[in-house]
Amino acid sequence: MKKLLLLEANGNAGEDLLDAASELGVQVYVATHEDICRNYRPAVRDKIAEVIFTDFTSQEIALKELSEFGRRTGIDGVITGWEFFSPLVTRLAAELGLPGHDVHRAEACRNKRLMAHAFGEHEVPAPMTVTASDYTSVAGQLAASGLRFPLVVKPAENAGSIGVSVVSSADELAAAFQLAQNWPYEFPHGVPLENTVLIQEYVGGKEFSVETVIFRGTVRHLAITEKFTTDNASRAELGHTVPADLAADSRAMLLDTVERALAALGLRNGIAHTEIKLLPEGGAKIIEVGARPPGDHIMKLVQHALGISEPRAYIQVALGEEPDLEPRSSAAAAIRFITPPRAGVFRGVGDIPRSPAIVESAVYLAPGTEAKDPNDNVGRVGHLIVKAESQAEVNWIAANLMDTIAVEVT
Ligand SMILES: Nc1ncnc2c1ncn2[C@@H]1O[C@H](COP(=O)(O)OP(=O)(O)O)[C@@H](O)[C@H]1O
Ligand SMILES: [Mg+2]
């Protein structure tokens, strides 16, 4: 039986990865922290052969301990279920001589400052960016750069739209900068986060993500996902649809741009989730690349729509095996997030409507608990996953269902 080391099973891709491993007959070892493991649901815990505790507050200690464990146990492949560990998993694969990405560019796949630099060096279309860790230099840097409002201000190393603002005038800049520096540590492992802030050209147009498998340097795209976000000062993601409805030329151009980004970041063996905007004037710009499973249950959407198991493919590549990427269906699937109108005490979401199109629904909060501000992805209180024959149909059904759901907060 082959042995796989999964860095954190707690993310929303964790269970999908564990299930795919079990279908492949692969034994899974999970690296996590004791306090986090204590809260694993029994259904998750039962799918794990053994858990290994390490201290993620130091990535160096984690690398040392996990490579020792990997050698001792005879681990055959390493994957991550948690975005913040994508550099660590690349370094671990290199340390153990297992399939992975270019170790010299491991950090650039996560840290947006290094990513912007790699894109600049390789002429990958991306937003014009300045970076600063101290606000006093910002006005001078902006004047020298020629950047104009609106601007996007965001932290170099966070995720889930946390600390991301769209700023339309100089008056709002200081507060946005401060907000971007509000999270010095990742939650829940306490990984230290660089305090650099990116200030970027605001890229207009429509946003997509591209789900990709890379095996021995060869890129295979699974799907382009249509993304729905809020369009006020914050940028929370409201939902996704797989596959996006796109003309062939736009599709080809998006995929070509993604391939240039993946090459710039040295992705060779694994999966990638790339966020990209299709510009109204033509062309595209990369927002970010993640060398990790997509969040937001996008892997489930790919499975429902196309019949391709991305977690299975990720595991196969990590073990050095040819991934199974044959589509077995040509439907469409969508997820929509249920968000509160404002922060407050959560009272419920009323009745979730019944529909044969719904394949999954979830409400995360118990009545009487605190609902957070809907400004980032942390503010979500639940979701619906819907399946239909086409994108137009699934988007229409999802919109109608969401219209009938009222989140009550007091
Ligand atoms: N330069 C930009 N121009 C326009 N929108 C942006 C830009 N940067 C980020 N966004 C929006 O904010 C969202 C979150 O930013 P992102 O860079 O993906 O950070 P995170 O790691 O938090 O997901 C993006 O999905 C996009 O909608
Ligand atoms: Mg993002």
Side-chain angles (χ1 to χ4, degrees), residues 11-13 82-87 107-116 118-120 124-131 142 145 147-168 173 176-177 179-183 186-187 191 193-194 196-211 224-241 244 254 257-258 261 265 272-281 283-296 298 337 374-380:
N12 72 17
W82 187 239
E83 165 163 6
F84 292 88
F85 298 157
S86 66
E107 302 292 337
C109 298
R110 166 94 260 287
N111 178 307
K112 294 183 176 80
R113 173 180 59 82
L114 298 172
M115 197 179 294
F119 290 162
V124 176
M128 190 202 279
T129 301
V130 298
T131 61
L142 281 181
S145 71
L147 277 168
R148 298 273 173 274
F149 290 97
L151 296 170
V152 173
V153 178
K154 61 187 183 185
E157 291 199 325
N158 220 314
S161 301
I162 295 172
V164 179
S165 309
V166 180
V167 167
S168 51
L173 201 53
F177 193 93
L179 180 76
Q181 289 189 317
N182 245 352
W183 291 267
E186 168 263 5
F187 178 81
V191 180
L193 302 179
E194 184 181 295
T196 306
V197 176
L198 282 79
I199 303 171
Q200 293 190 320
E201 154 197 5
Y202 175 84
V203 179
K206 180 125 189 62
E207 188 163 354
F208 298 89
S209 66
V210 178
E211 320 314 324
I224 302 182
T225 306
E226 181 180 5
K227 185 193 283 251
F228 299 81
T229 55
T230 51
D231 55 6
N232 49 16
S234 55
R235 278 296 181 273
E237 288 159 328
L238 299 174
H240 309 269
T241 296
L254 285 178
T257 310
V258 169
L265 296 173
H273 169 74
T274 306
E275 294 167 354
I276 185 167
K277 281 192 121 173
L278 184 58
L279 309 181
E281 65 272 26
K285 286 191 180 174
I286 302 281
I287 299 295
E288 65 160 341
V289 175
R292 41 97 185 167
D296 290 357
I298 289 174
F337 296 102
N375 285 346
D376 53 39
N377 299 350
V378 182
R380 299 164 175 172

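Counting starts at 1 for both ligands and their atoms, in listed order.
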Check your understanding: Taking N or O atoms only and a 3.5 Å limit, does Glu83 qualify as a polar contact for ligand 1?
Key -> no
**Study point:** Short side-chain donor-acceptor distance under 3.5 Å, His273 and Glu211
**Key:** yes
Practice item. Below 4.0 angstrom from a heavy atom of Ala159, which ligand 1 atoms are there? Numbered from 1 as shown, please. Key: 20 (P), 21 (O), 22 (O)
Check your understanding: Is there at least one pair of N or O atoms, one from Glu201 and one from ligand 1, spaced under 3.5 Å apart?
Key -> yes
Practice item. Could you check which of His273, Glu207, Glu275, Lys227 puts a non-hydrogen atom nearest to atom 25 (O) of ligand 1? Key: Glu207
Study note, to complete from the structure: Answer key: the N, O or S atom of Glu275 nearest to the Mg ion (ligand 2) is OE1
Study note, to complete from the structure: Atoms of ligand 1 under 4.0 Å from any heavy atom of Glu288, numbered from 1 in the order shown, are 16 (P), 18 (O), 19 (O), 20 (P), 21 (O), 23 (O)
Exercise for review: Apply the test side chain to side chain contact (heavy atoms under 4.5 Å, CB included) to residues His240 and Phe337: give CA-CA distance (whole Å), side-chain angles for both, the deciding distance (0.1 Å), then the verdict.
Suggested key: CA-CA 9 Å; His240 309 269; Phe337 296 102; 4.0 Å; yes
Practice item. With the side chain counted from C-beta on, respond yes when Glu288 and Phe119 share a heavy-atom pair under 4.5 Å apart, and no when they do not. Key: no
Practice item. Check Val166 against ligand 1 and report side chain, backbone, both or neither, counting heavy atoms closer than 4.0 Å. Key: neither
Revision key, fill the gap. Ligand 1 atoms nearer than 4.0 angstrom to some heavy atom of Lys277 are 4 (C), 5 (N)
Review point. With respect to the Mg ion (ligand 2), what is the nearest N, O or S atom of Glu288?
Key: OE2
Check your understanding: Parallel under 30°, tilted from 30 to 60°, perpendicular over 60°: which one fits the rings of Trp82 and Phe84?
Key -> tilted
Practice item. Compute the shortest N/O to N/O distance between Pro127 and ligand 1 and return yes if it is under 3.5 Å, no if not. Key: no
**Study point:** Beyond-backbone contact of Leu193 with Pro155, side-chain heavy atoms, under 4.5 angstrom
**Key:** no
Practice item. Could you list which atoms of ligand 1 come closer than 4.0 Å to a heavy atom of Asn158? Key: 21 (O)
Check your understanding: Is there a donor in the side chain of Gln200 and an acceptor in the side chain of Thr129, or the other way round, less than 3.5 Å apart?
Key -> yes
Check your understanding: Under 4.0 Å from ligand 1, counting heavy atoms only, is it the side chain of Ser161, its backbone, both or neither?
Key -> both
Exercise for review: Would you kindly specify which portion of Val203 sits under 4.0 Å from ligand 1, judged on non-hydrogen atoms: side chain, backbone, both or neither?
Suggested key: both
**Study point:** Among Met115, Lys154, Lys112, Met128, closest by any non-hydrogen atom to atom 21 (O) of ligand 1
**Key:** Lys112
**Study point:** Ile199, Leu173, Val152 screened by side-chain contact (heavy atoms from CB on, under 4.5 Å) with Val167, the one that passes
**Key:** Leu173
Study note, to complete from the structure: Only one of Ile224, Leu265, Val258, Ile287 passes side-chain contact (heavy atoms from CB on, under 4.5 Å) with Thr274, and that residue is Val258
**Study point:** Under-4.0 Å salt bridge between Glu157 and Arg110
**Key:** no
